[in-house]
Structure formats: structure tokens, C-alpha cells
Amino acid sequence: MHLPIRTVTPESESAAIIGWVHEIRDLGGLMFFLIRDRTGIIQVTIPKKKVPAEVLDAARDVSRESVVRVRGRVKAIDKAPGGREIVPDGLEIISLAGSPLPLDVAEKVPAEMDTRIDSRFLDARKPRVRAIFCIRSAVTCAATEFLHSRGCINITTPKIVAAATEGGTELFPIAYFEKEAFMNQSPQLYKQMMMAAGFEKVFEIGPIFRAEEHNTIRHLNEATSLDVEVSFADHNDVMELLEDLIVYVYESVAGTCGDDLAELGISLSIPGKPFPRIRYEEAIEIANRTIEDKLSFGDDLTPAAERAIGSGIGQHYFIVDWPTDIRPYYAMPYPDRPELCKAFDMMHPRMELSSGAQRVHDHDLLVERIRAKGLAPEAFEFYLKAFRYGMPPHAGWGLGIERLVMTMLDLGNIREAVLFPRDRHRLTP
RNA sequence: GCCCAGGUAGUGUAGUGGCCUAUCAUGACGGCCUGUCACGCCGUCGACACGGAUUCAAAUUCCGUCCUGGGCGCCA
């Protein structure tokens, strides 16, 4: 039996713990070890003349980052971290760590992202890295709770798909027995088909794959998307759902991840509802006041434009009413002004987090929209079929989990928000 | 894909033609040290990505290769 290190208090009489050797300080007659597990760090103090010989031998042999079991008396002592320390009766090396270490877990010396990812298992021993992933876990957990509470059904859609069905982004081709197949870029078509199934409200948290050769701090080739689709809803309904979700997730993290946030030095401020809605045409106007390369109607927002708008607003916001031409075929055009559509992006001041729309649910209009994008409706037969036998009006969005975590925790690089990032150059570990 | 910047001990760095058998820190090893908490002090160990070129002389300049970071493009 062993105790989580956090639960060992100055009032404890004795304790047995298992953890990694975080630091060793040898003062001569006295040795100090810091032992770390995922709950915290405790000091183990060894007065060399007073401990059993086996303890002394193990203390001399052990290396940093080895796994050790320690049992002994707990002493309340102000000078020790956490106000307590263990004086061991037993010290057992369970797994001796090699030396030198590929990176310094105690972070006396920093390591570059590349070095860190090469030894991600060691990097993730750092309390601040662990904290990021505990918070990410809380984020997806809170999002799942929230969507269940709103009556959404958690679905899983295929990640291996038949063809480059959506146009736009590049797909990763794979061999599927005798057929050509691709890694899916989004669950978009499948979650819409579940509207035709009458599931009414669905969500999925899953991987998406984009074969773009981008090389930035905010793109990954394998990312995690939170996708939602709701029937009998329009774009305004799902924007409200999205901002409710963001606020719920922030509140949940603030309420349950206090120690992790403290580890990261973050004091989380909960976004205020409603998020401002800015029309696309207003957005380019605002951006054009400050950016060099002016935008005109029909241009997508550049990163510089996103930052210019974001820094003025200073909080999460929506950009609504986009030109139909620069949104996907499934975005619903306004009937009275079809050059605009019921699409939106949800933005953090730093970057886009989510995009969504009310969808085209009319079969013939959808075919027309697909053609207008220069795509062949025949390639979409499996999808279009769902629009012929009673497709309800519906709307939805997709939200990048890594970007949500990145912006929530003010991380400098999206790779901080994923354990094993896949980017232009990295396929291992 | 275009552009910019890089690759020096395990890790993070200094060094832009000779002053470099390469700086500092961390680390490892040895020594001293009974209250450290980035412990301190002394000693030792360990590196110029690879290949070619220029030069009396290359970590430093040039060419090529490989690798990396970032900006942009692209990204429904």
C-alpha cells in the first residue's frame, strides 16, 4: 500500500509512498530527496548515521527520476516543502533511471519543444505539463457533461472515409484493401446524416486529419474536434449553445482544477455572455483600420486581421453573416440576400476556435451549392440520399479542443496542448 | 509551397577567420559538508549536424545534404 503524496500531511504519523526522484541534495551527513508523484512532491530526509544500512545503500545508488518506494515516519517541519518530510525506515529502488536524462524534469535547464516531444513521457512528468493535460481532461469531461445535459447523443463516426468529399482541405490518402481511402477531415457529413436519422442532437469528440503543409504554432495535422449538430435549430440557436458550452467549461475548470491552474500560474476569467456578434462586413472594416494589406468583401480573414479585431474586442466573439462564396456548400444562404450565409466563426482574441452554420437541408439547393463549388454531386450520393427522405432543418459547429485549451491556458504553441503532436515534420513518438 | 532564422557536451547557451586543445549554467563522477529547498565549495568528464570547397589558418566564409523553429500561403 502507498499513499498519494498530496495526502501526506504534517499531522500524518507515518507514510509509505511511491514516486520518482525529483531532486537529490547531499549535504554530507544529511541527504535530502524530493519525491514526486502526480499529486505532489514530498521531501525525504536521510540522516546518514541514523537510518538502516539498506536505506543508506539505496540512497547512494539511486539516480534522478528513478522510481522508489519510501516508508517511514512523517515529521512536521516548517523548513520542508509542504511543512512535512519523511525520515525513512525503508527506501527501495523499484526502477533505476538511466543517466544522463534526455531532459531535465526539474526544469533547472529548459528544453526546446522538439527535445521535449522526443521524450514526451519525461516531459510530461513536469508538474506544469501534467497540469495542462489534467485541465484538458477536465475540459472534455465538462463539455461532455454539458452536452449530455442538453440532450445531445454522443456518437462516433468513421475516421476512414471513401473520397475527398468536402473539397477544400487536403486529405491523407491511405490504402484500404483494394480501394483508395482517406483519413477524415471532419465528421461533418456524418453528423448531418444523423439529423436525418432523427437523433436530433448529437456530438462527437474525435480526431480530425488535415494534410496541409502548414508550419505554425496553431495548426496540427491531427487535431481533436468537438462537433455538434442540432435539428430544428438555426445558426443563432447553436451559437447560444456554443457560448453556453464555453462558459460552462471555463466555470468547470475554474471550479475543479484550482491546483492545476495554480501550477500554471493562471487565474482564469470566465468569458461573459453573450459573446459580441460582429458581421463579416463590419469585421473587415475594423481590421482594415489597422492592418496593412486591406481586405475586401469575399476575402477570408488573415491572421493579422483576426488579431486586429480580437485585440479591439478583448474577449470571445462571433463573426457572423459570411460571404457564401468562402464558406462550404452546406452553409445556408440567406434567402433574401444569398451572397451571405448563416455561417459563423467563434473567435478568441488570439485565433479562431470554432466555425459553424445553419446547414442547407433542402436537397435540391444542396446539389446546386455543391455544383457552385465546382464539386460533383455524384461523389456525395451517400450524403445526398439522407436529404431525400425527410431531413429536418439543422445547424451545428465544430470546435478545436487543442485551440480551446491553448487559449484558455495562454499556451504559446498548440503542441503544448496535445500529448503527441502530429505536424509537418513529426510522425514519432 | 514561399520566405526568414537556426543546428556547439545529456539539456540550455556564449563564441561571426588566428586570442578556441571552445564560454557559462545544468548534469554525471570523485572529495568536503547534519537543515538543504536552483544547497555551497574544490576537482574531473563531456560538444562545433553531415559531406565538400576556399584559406597559411574554419565552430566562424561558401556550396550541397539532412534536421529544426517560426511567419505567410493554405487551412469548410
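Naming convention: chains lettered A, B, ... in sequence-line order (proteins, then strands); numbering from 1 in each chain.
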Handout entry: Side chain A:Lys79, main chain A:Arg84, donor-acceptor under 3.5 Å
Key = no

Handout entry: For A:His214, ring pair (Phe, Tyr, Trp, His ring centres under 6.0 Å) partners two or more places apart
Key = A:His219

Problem - Side chain of A:His425 (C-beta onward), nearest among B:rG71, B:rA76, B:rG69 - result: B:rG69

Exercise for the section: Ignoring hydrogens and angles, tell me if any N or O in the side chain of A:Asp37 forms a donor-acceptor pair with the backbone of A:Ile5 under 3.5 Å. Expected result: yes

Handout entry: Short side-chain N/O contact to B:rC75 OP1/OP2 from A:Gln185, under 4.0 Å
Key = no

Problem - Base paired to B:rU65 (Watson-Crick or G-U; both N/O distances under 3.5 angstrom) - result: B:rA49

Please set out all donor-acceptor pairs under 3.5 angstrom arising from side-chain atoms of residues 306-318 of chain A, sequence neighbours excluded.
from     : atom 1 : to       : atom 2 : distance (Å)
A:Ser311 : OG     : A:Arg307 : O      : 3.2
A:Ser311 : OG     : A:Ala308 : O      : 3.2

Exercise for the section: On RNA chain B, check which nucleotide each of A:Leu103 and A:Ile208 is closest to and give me the residue with the more 5' one. Expected result: A:Leu103

Completion exercise
Partner of B:rC2 under the Watson-Crick or G-U wobble criteria, both distances under 3.5 Å, comes out as B:rG71

Practice task
With RNA chain B as reference, determine whether A:Pro102 or A:Ile326 sits nearer its 5' end, using the nearest nucleotide of each.
Solution key: A:Pro102

Problem - Test side chain to side chain contact (heavy atoms under 4.5 Å, CB included) applied to A:Lys108 - qualifying residues, sequence neighbours left out - result: A:Glu23, A:Asp104

Practice task
Run the salt-bridge test on A:Arg415 and A:Asp114 with the 4.0 Å N-O cut-off and return the result as yes or no.
Solution key: no

Practice task
Within residues 295-304 of chain A, find the residues that approach RNA chain B with a heavy atom at under 4.0 Å, and present them sorted by residue number.
Solution key: A:Thr302, A:Pro303

Completion exercise
Looking only at B:rG71, B:rA76, B:rG70, the nucleotide nearest the A:Asn413 side chain is B:rG70

Could you list the donor-acceptor pairs under 3.5 angstrom formed between side-chain atoms of residues 68-76 of chain A and any protein atom two or more places apart in sequence or on another chain?
from    : atom 1 : to      : atom 2 : distance (Å)
A:Arg69 : NH1    : A:Glu92 : OE1    : 2.8
A:Arg69 : NH1    : A:Glu92 : OE2    : 3.4

Practice task
Do nucleotides 26-37 of chain B as a string where each nucleotide becomes B, S or -: B if the base has a protein heavy atom under 4.0 Å, S if just the sugar-phosphate does, - if no protein is that close.
Solution key: SSS----BBBBB

